[in-house]
Amino acid sequence: MEQSSTSALLQGAVLDLASDVVSALRSGDHVRAGSTLTTGGAGEGVARAAVRVLGADTLLPAVLLRVPPDPGQLAVFKEAVTAHPPRPDAAPTVVWSHWAMARALRRLDQPPPAPTAGEPGAEPGTGWLDEAGWQVLTHQLAVLAPLALPGEECAVTRLARRRPVDVARGFVRAVRRRDWQQAAGAGRWLTLLDGVPESLGLEAGLDFVRLMGGSDPRVALQLEAARLMPAGVLL
């Protein structure tokens with residue numbers, strides 16, 4: 001029962017945090033992005049865990065809109081990065097998520113106080129994805145959607161650029177399966193890729209995902225990122 005209660009608290013905190021980020025992306029108000037982490041709505045441990053789940057997208061308003069993050073939010077984000085480095089046997093997506101979080105801090109001139117997997121020269125590999133089928137590729141890219149940023153360079157981004165048709169196929173499959181979270185993550189990637197088939201109708205596809213799955217703040221977050229990114233160029 002206690003484990004179930006903790007899981008429910010975490011899930012609620014993740015949804016609340018994602019809602020904050022969506023509100024901030026829509027309004028440009030950095031305070032909204034940090035409200036869940038700074039108003040005591042979740043315990044300290046649950047708040048850090050929620051940041052780990054949402055990953056670098058926790059700071060997406062600061063990165064995309066260039067508004068300073070809420071100091072309290074930034075402090076919790078830093079703690080989540082430094083207190084929970086990936087274990088040696090961590091899944092590749094976990095390692096990449098940690099790397100992306102550390103890079104988000106460096107982008108805001110807030111480097112982690114201790115070396116992490118996100119330090120320069122320590123970019124993880126993509127061997128597990130190099131020969132992946134389009135279904136697996138799309139699933140993994142959706143999990144790593146926080147890496148999909150305008151003007152960004154990393155091994156995952158370069159891999160995605162080589163396979164726009166495969167990502168498009170995965171997007172269609174996710175929509176047909178009503179996996180709105182995967183569809184939104186794949187759609188976010190597709191807004192940044194050249195060579196996406198015009199027949200896909202990406203804009204209409206994203207509108208459909210918004211209509212069907214946009215009530216989930218995790219889906220809405222990816223869709224708001226996709227809406228903002230084509231015009232954005234990161235420094």
Side-chain angles (χ1 to χ4, degrees), residues 6 9-25 27-124 143-154 156-157 217-218 221-222 224-225 228 232 234-235:
T6 301
L9 282 174
L10 175 57
Q11 183 177 14
V14 170
L15 294 176
D16 288 344
L17 181 56
S19 294
D20 291 345
V21 174
V22 170
S23 294
L25 291 174
S27 69
D29 183 356
H30 75 279
V31 174
R32 295 189 188 187
S35 60
T36 292
L37 300 180
T38 58
T39 58
E44 182 178 332
V46 173
R48 282 202 307 266
V51 169
R52 296 293 302 175
V53 172
L54 209 60
D57 276 347
T58 304
L59 296 183
L60 190 60
V63 173
L64 275 185
L65 304 178
R66 298 184 178 88
V67 294
D70 175 84
Q73 176 201 29
L74 186 60
V76 176
F77 189 92
K78 274 186 163 182
E79 290 171 6
V81 174
T82 57
H84 303 286
R87 299 181 310 189
D89 61 346
T93 51
V94 173
V95 177
W96 270 103
S97 177
H98 185 82
W99 183 88
M101 292 175 71
R103 182 176 57 180
L105 288 175
R106 292 197 304 274
R107 194 180 290 285
L108 298 173
D109 294 322
Q110 296 284 339
T116 73
E119 287 299 302
E123 182 178 299
V143 173
L144 294 174
L147 291 168
L149 295 169
E152 196 58 274
E153 278 296 330
C154 71
V156 173
T157 303
R218 296 166 299 180
L221 190 160
Q222 301 304 332
E224 286 303 311
L228 290 169
L234 299 185
L235 299 178

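Contact between Ala13 and Val46 at its shortest, heavy atoms only, is CB-CG1, 3.7 Å. Scanning all heavy atoms of the two residues, the minimum distance from Ala50 to Leu10 falls at N-CD1, 3.6 Å. Here the closest non-hydrogen pair linking Pro124 and Val95 is CG-CG1, 3.6 Å. In terms of heavy atoms, Leu59 sits closest to Pro69 at CD2-CB, 4.2 Å. Glu123 and Trp99 get closest at one heavy-atom pair: CA-NE1, 3.5 Å. Among all heavy-atom pairs drawn from Thr58 and Val21, the shortest one is O-CG2, 3.9 Å.
No donor-acceptor pair closer than 3.5 Å links the side chain of Ser97 to the backbone N or O of Thr93. Under a 3.5 Å cut-off, the side chain of Asp70 and the backbone N or O of Gln73 do form a donor-acceptor pair. A donor-acceptor pair is defined here as one N or O able to donate and one able to accept, closer than 3.5 Å; no such pair exists between the side chain of Glu79 and the backbone of His84. Without hydrogens or angle criteria, Ser19 side chain to Leu15 main chain gives a donor-acceptor distance under 3.5 Å. Under a 3.5 Å cut-off, the side chain of Arg52 and the backbone N or O of Ala80 do form a donor-acceptor pair.
Residues meeting the side chain to side chain contact (heavy atoms under 4.5 Å, CB included) test with Ala56, sequence neighbours left out: Ala100, Met101, Ala104, Pro146. In terms of the salt bridge (Lys or Arg N to Asp or Glu O under 4.0 Å) criterion, residue partners of Arg218 (sequence neighbours excluded) are, by chain and number, Asp216.
A distance of 8.5 Å separates CG in Leu17 from CG in Leu221, rounded to the nearest 0.5 Å. The CZ atom of Arg107 sits 9.5 Å away from the CZ atom of Arg66 when rounded to the nearest 0.5 Å. A distance of 11.5 Å separates CG in Asp16 from CG in Leu54, rounded to the nearest 0.5 Å.
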Leu60 and Leu65: CA distance, side-chain angles, deciding distance, side chain to side chain contact (heavy atoms under 4.5 Å, CB included) verdict
CA-CA 8 Å; Leu60 190 60; Leu65 304 178; over 6 Å; no
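Salt-bridge check for Glu152 with Arg103: passed, with a basic side-chain N closer than 4.0 Å to an acidic carboxylate O.
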